[in-house]
Engineer: 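Can you read through this structure? Questions will come right after.
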Amino acid sequence: MSEKNQLSAIYNPSEVEDKWYAWWMERKYFHSEPDGREPYTIVIPPPNVTGILHMGHVLNNTLNDVLIRKARMDGKNACWVPGTDHASIATESKVVAKLRDMGIDKEQIGREKFLEYAWQWKEEHGGMILQQLRKLGASCDWDRTKFTMDPDLSAAVVNTFVYFYKKGWIYRGVRMVNWDPEGLTAVSDEEVVHKDTRSHLYYLRYFISDGNGKPTDRYIMIATTRPETIMADTAVSINPDDERYHWLKGKKVLIPLIQREIPIIEDSYVEIGFGTGCLKVTPAHDIHDYEIGLRHNLPILDIIDDYGCLNENACILVGEDRFVARKKIVKMLEDAGNLEKVEEYSSPVGYSERTNAVIEPKLSTQWFLKMDELARKALESVESGQVSLIPDKYRNSYRHWMENVRDWCISRQLWWGQRIPAWYLPDGRFVVEETAEKALEEARKIDPAVTAATLRQDEDVLDTWFSSWLWPISVFDPDQPGHPGREPNADLAYYYPTNDLVTGPDILFFWVARMIMAGNEFMGDVPFRNVYLTGIVRDKIGRKMSKTLGNSPDPLDLIAKYGADAVRIGMLLCSSAGNDIFYDESQVEQGRNFCNKIWNSYRLIQGWMIDDNLQQSDINSVAVDWFKNKLNQTTETVEDYYSKFRISDALMTIYKTFWDDYCSWYLEAIKPSFGAGIDRATYEATLSYFEDLLKLIHPIMPFITEELWQNMRERKEGETILFQPSPKAGSYDEDLLSDFMLAEEVVNGIRGIRQQKRIPPKEALAVKIKGDFPERMLPVVEKLAGIASMEQTEDFGDPSGGVSLMVRTVELFIILSGLVNPEEEVRRLEDELAYQRNFLESVRKKLGNASFVAHAPEAVVALERKKEQDSLSKIESLENAINTLNNC
RNA sequence: GGGAGCAUAGCUCAGCUGGUUCAGAGCAUCUGCCUUACAAGCAGAGGGUCGGCGGUUCGAAUCCGUCUGCUCCCACCA
């Protein structure tokens, strides 16, 4: 015990945390293998392989870790599979940028060389985030760490492509896609963010052609936000019902500057009331125009290249960036007399989520996956409750998305990722197979002259989500995806479906929905039962945390400063499900303070000495009894909160039980006076309560709990709190709990008088008590309110010798000779009396209402009658006291 | 433009199917204490006509309507 006395007054997390994490790892306590127990499985939302830990990860992984640790203590075989995502666009653009700094151009070095650099980059920076997660205490099964581009996981992706292709759900088609001129790739609709952007609406004059390509002096006006695309116009459209423009029918107009002749067409897409009612039709650069073009068989003229610059088709401004071209062409139009006016204008513009470049609608050949059947089933999975979304408000948007989903553009014009397993014959026909060898074999069936040299693989890779949607399956059995009906391996059979998924709502459609699709397709079962959607972490003034704003603290700095347990608490304190998280460092401080409180409560009890000559006193007996019941109640509440994913409520419940009930009430009640020992029964109970509290809070605060749990008793070699069974909620005596609460209120009342009268805590008081107060609680009141003698009596005697107060229906009289000012006392009592009379009046008003008495349930009416009685008796006592005081 | 959600103490939130947890919690604030576990602490206290207005009901923070103010999702009216 002597070395224990050296515990410092301040808890020092850093050494404790590193020590225990290393110990857990060494003993592989997080590792899971299938066995006879019930599995509890979580797959990590894989962070970008080259990413670094930010507050969003902290929130997410703290929640995951709480769930997995809880399950582990509940006796389940807990398995949390970690890993990373190759994040094709994000990673590739980082590598491209790095190469650019080195003076290297991606296109020049070619695919092979580029991928070498990319892998090197991945080796250098990859997985750092997983190291960081260990600092947070994440109890992942690191032996199972996976990467979406591991050879076997990549094979799974390719297999699923082939599977869907052969099923007829993957097709190749020319479509208007969202082109990212920065990332040089198509991105999916979901990767485009629309932002209202200030721009201008330019009113341009298109002169009517005289029929020979020469302008007449009549013109029409066209409003556009993109004057640089006029060279790609292939028609001007009006609404067939627009009488203002009937005269235009059959005429042709000339594109300004280049004087190319284009027809006037009629299409009801054009809104009569919008702009000028005339629409320039640019099929190559606008999705709606493209559709109009299809309807009217218009030619498609593409004037913008992959980099967002004008090409030769534009005839003018060739090579200029689209935004530069816009500025220049406005000037040219003005000089040529084609610019009527310019208006300020604001409209939604699409930006690439990854590169923030303005998206250019562009026609190109891409690969698509049909979504209708997949979406239909995935919707059913949620509607039927096979998968619960928490909070369930997300069901609405989930449904909306599933009902309106479009085919998934799965090809990306990148190199970092799984290359599309399609091979082209010299004549343009293609085969889709898992490997080059099989492809060659199949290709030869079409054309025996084909050789490995003339068979060319598709240049594109697959969308990252086309690999991560397999994650809950492929981390266990990479051979499974693409082969539905195949017998899954032992891991997959045991761990699938996983239990809970914790992730942000921003990837509900990208990822969660698609995992459900893949699960249904390949496993015939959903990949998880519950999806807990966290909020987005914001700073305290509500801004989203981001690197660019610089408002995101580095979690590792926080951990170094406050400890991981404190950071976890800080995060959880403000994270009710579905609400955004307003993070503030003061919450982490609160977490640190809580650690310190726990630490010091341990310092207190470990310093006590058992005295076997002592019998358990009455107060110890009642305190021990009470706290056992309290703990049972808390445990029950906490279990209930966990079952509803209300983690922050669970935390707060334990927090209050630990701090208020255990430290402030229980320990103070049983605390031996200085130098005195403690009886064995009380000490043992106290230690066992402490142990239960540690177990209760362990999933949330893994480090300090292991440290103290190891310290508090002799432990066997290798024993750990990780596998201790969660405390089970026993029954509890409501009367006992409510009696103790009444005692607390009485103590608070007396302490309040002390404060008012400025009586030092050490000065013991004499108190008389009247009314219905449980006798067993008397010692509690005596000790905690600092009372020397406590007399239960029906008569307080001379009221001038002290102060009376009332707690519920209990009356107290504190003897304070010489400290009482009768006038002040009367005033205090009269205030109380006035309040009581008011209260009585309101109760009587209710009871006087015949309708209330007739309609309200028995119990409610009875309650009001009791209120009336209590109030009446209080009033009587108050009046008596006031009278007596006045007569003094 | 369509849809969803939110509005309760200075801050962050809890209050499920209307009546003892009905006006709550944590933090912050104020007052008094360095009391031998903890000043990262202890003990007290103050603070909200539950966004506005109507309605249903014996009774509304809770149900219905409406207005206002935020937030998010979906949607490329040139």
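Chain naming here is simple, since letters A, B, ... match the order of the sequence lines and numbering starts at 1 in each.
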Engineer: Just checking, any donor-acceptor pair under 3.5 angstrom between side chains of A/Thr634 and A/Lys656?
Structural biologist: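 Their side chains do not contain a donor-acceptor pair, so the 3.5 Å distance test is not met.
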Engineer: How long is the line joining CG of A/Leu508 and C1' of B/C72, in whole Å?
Structural biologist: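 Those two atoms, CG and C1', are 13 Å apart.
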Engineer: Could you state the atom-to-atom distance from CG of A/Asp392 to P of B/G5 in whole Å?
Structural biologist: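 From A/Asp392 CG to B/G5 P: 10 Å.
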Engineer: OP1 or OP2 of B/G15 sitting under 4.0 Å from any side-chain N/O of A/Arg646?
Structural biologist: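 True: A/Arg646 side-chain N/O within range (under 4.0 Å) of B/G15 OP1/OP2.
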Engineer: Is the distance from OP1 or OP2 of B/A43 to the nearest side-chain N or O of A/Trp665 less than 4.0 Å?
Structural biologist: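 No, because none of the side-chain N or O atoms of A/Trp665 sits under 4.0 Å from OP1 or OP2 of B/A43.
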Engineer: Can you check B/U20 for me, syn or anti if syn means within 90° of 0?
Structural biologist: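 Syn.
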Engineer: Which value, in whole Å, describes the distance between the P atoms of nucleotides B/C11 and B/U17?
Structural biologist: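 Going atom to atom, P in each nucleotide, I get 26 Å.
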Engineer: Pick one: which of A/Tyr394, A/Phe509, A/Phe510 meets ring-ring contact (aromatic ring centres under 6.0 Å, His included) with A/Trp401?
Structural biologist: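 The single option meeting the ring-ring contact (aromatic ring centres under 6.0 Å, His included) with A/Trp401 is A/Phe509.
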Engineer: Among the candidates B/A37, B/A43, B/C77, find the nucleotide nearest to the side-chain atoms of A/Glu271.
Structural biologist: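 Out of B/A37, B/A43, B/C77, the nucleotide with an atom closest to A/Glu271's side chain is B/C77.
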Engineer: Expressed in whole Å, how much space separates the C1' atoms belonging to B/A7 and B/A14?
Structural biologist: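 About 15 Å, rounded to a whole number of Å.
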Engineer: Could you state the atom-to-atom distance from CG of A/Leu847 to C1' of B/G59 in whole Å?
Structural biologist: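 The answer, rounded to whole Å, is 13 Å.
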Engineer: Ignoring backbone atoms, establish whether A/Thr276 has a side-chain N or O less than 4.0 Å from OP1 or OP2 of B/A78.
Structural biologist: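 No, outside the criterion.
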Engineer: Can you give the dot-bracket line for RNA chain B, where a pair is Watson-Crick or G-U wobble with both atom distances under 3.5 Å, crossing pairs use [ ], and | marks a partner on another strand?
Structural biologist: (((((((..((((.....[....)))).(((((.......))))).....(((((..]....))))))))))))....
Engineer: Rounding to the closest angstrom, what is the interatomic distance between B/C42 and B/U36 at atom C1'?
Structural biologist: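 These two C1' atoms come out 14 Å apart once rounded.
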Engineer: The side chain of A/Lys597 is closest to which nucleotide in this list: B/A25, B/G41, B/A78?
Structural biologist: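 For A/Lys597, the side-chain atoms sit closest to B/G41.
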Engineer: Considering only atom C1', compute the distance from B/C13 to B/A61 and round it to an integer number of Å.
Structural biologist: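 15 Å, rounded to whole Å.
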Engineer: Are A/Glu343 and A/Tyr345 packed together at the side-chain level, in the sense that at least one heavy-atom pair is separated by less than 4.5 angstrom?
Structural biologist: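 Side chain of A/Glu343 against side chain of A/Tyr345, heavy atoms only: no contact under 4.5 Å found.
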Engineer: When the C1' atoms of B/C67 and B/A28 are compared, how many Å lie between them, rounded to an integer?
Structural biologist: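 It works out to 33 Å between them.
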Engineer: Using a strict 4.0 Å threshold on nitrogen-to-oxygen distance, state whether A/Lys866 and A/Asp870 make a salt bridge.
Structural biologist: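 A salt bridge links A/Lys866 with A/Asp870.
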Engineer: To the nearest angstrom, how far is A/Glu585 atom CD from B/U12 atom P?
Structural biologist: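 Whole-Å distance recorded here is 18 Å.
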Engineer: Report yes if a side-chain nitrogen or oxygen of A/Lys671 is closer than 4.0 Å to either non-bridging phosphate oxygen (OP1 or OP2) of B/A37; otherwise report no.
Structural biologist: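 Result: yes.
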Engineer: Give a yes/no on whether any side-chain N or O of A/Arg751 is located under 4.0 angstrom from OP1 or OP2 of B/G44.
Structural biologist: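 Answer yes for this pair, as a side-chain N or O of A/Arg751 is under 4.0 Å from OP1 or OP2.
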Engineer: Applying a 4.0 Å non-hydrogen cut-off, can you work out what A/His855 is touching in the nucleic acid: base, sugar-phosphate, or nothing?
Structural biologist: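 Contact class for A/His855: base.
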Engineer: Within the structure, does a side-chain N or O atom of A/Asn404 lie under 4.0 Å from either OP1 or OP2 of B/A75?
Structural biologist: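 No, A/Asn404 has no side-chain N/O under 4.0 Å of OP1/OP2 on B/A75.
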Engineer: Measure from the side-chain heavy atoms of A/Glu668 and tell me the nearest of B/A37, B/G19, B/C42.
Structural biologist: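 In terms of side-chain proximity for A/Glu668, the closest of B/A37, B/G19, B/C42 is B/A37.
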Engineer: Write down the distance between CD (A/Gln590) and C1' (B/C27), rounded to a whole number of angstrom.
Structural biologist: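 My rounded result for the distance is 6 Å.
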Engineer: Is any side-chain N of the basic residue among A/Glu360 and A/Arg226 closer than 4.0 Å to the acidic one's carboxylate O?
Structural biologist: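 A salt bridge links A/Glu360 with A/Arg226.
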Engineer: Would you mind reading off the distance between A/Arg758 atom CZ and B/C33 atom P, rounded to a whole angstrom?
Structural biologist: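 Taking CZ of A/Arg758 and P of B/C33, I get 8 Å after rounding.
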Engineer: Between A/Tyr655 and B/C27, does any side-chain N or O lie under 4.0 Å from OP1 or OP2?
Structural biologist: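 Answer is yes, contact under 4.0 Å.
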Engineer: Within the structure, does a side-chain N or O atom of A/Tyr394 lie under 4.0 Å from either OP1 or OP2 of B/G5?
Structural biologist: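 No.
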Engineer: Nearest-Å distance, CG (A/Leu651) to C1' (B/C13)?
Structural biologist: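 For the pair A/Leu651 CG and B/C13 C1', the rounded distance is 13 Å.
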Engineer: Under 4.0 Å between a side-chain nitrogen and a carboxylate oxygen: does that hold for A/Arg844 and A/Glu841?
Structural biologist: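 A salt bridge is absent here (no side-chain N lies under 4.0 Å from a carboxylate O).
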Engineer: B/G24 P sits how many Å from A/Lys656 NZ, rounded?
Structural biologist: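 The answer, rounded to whole Å, is 13 Å.
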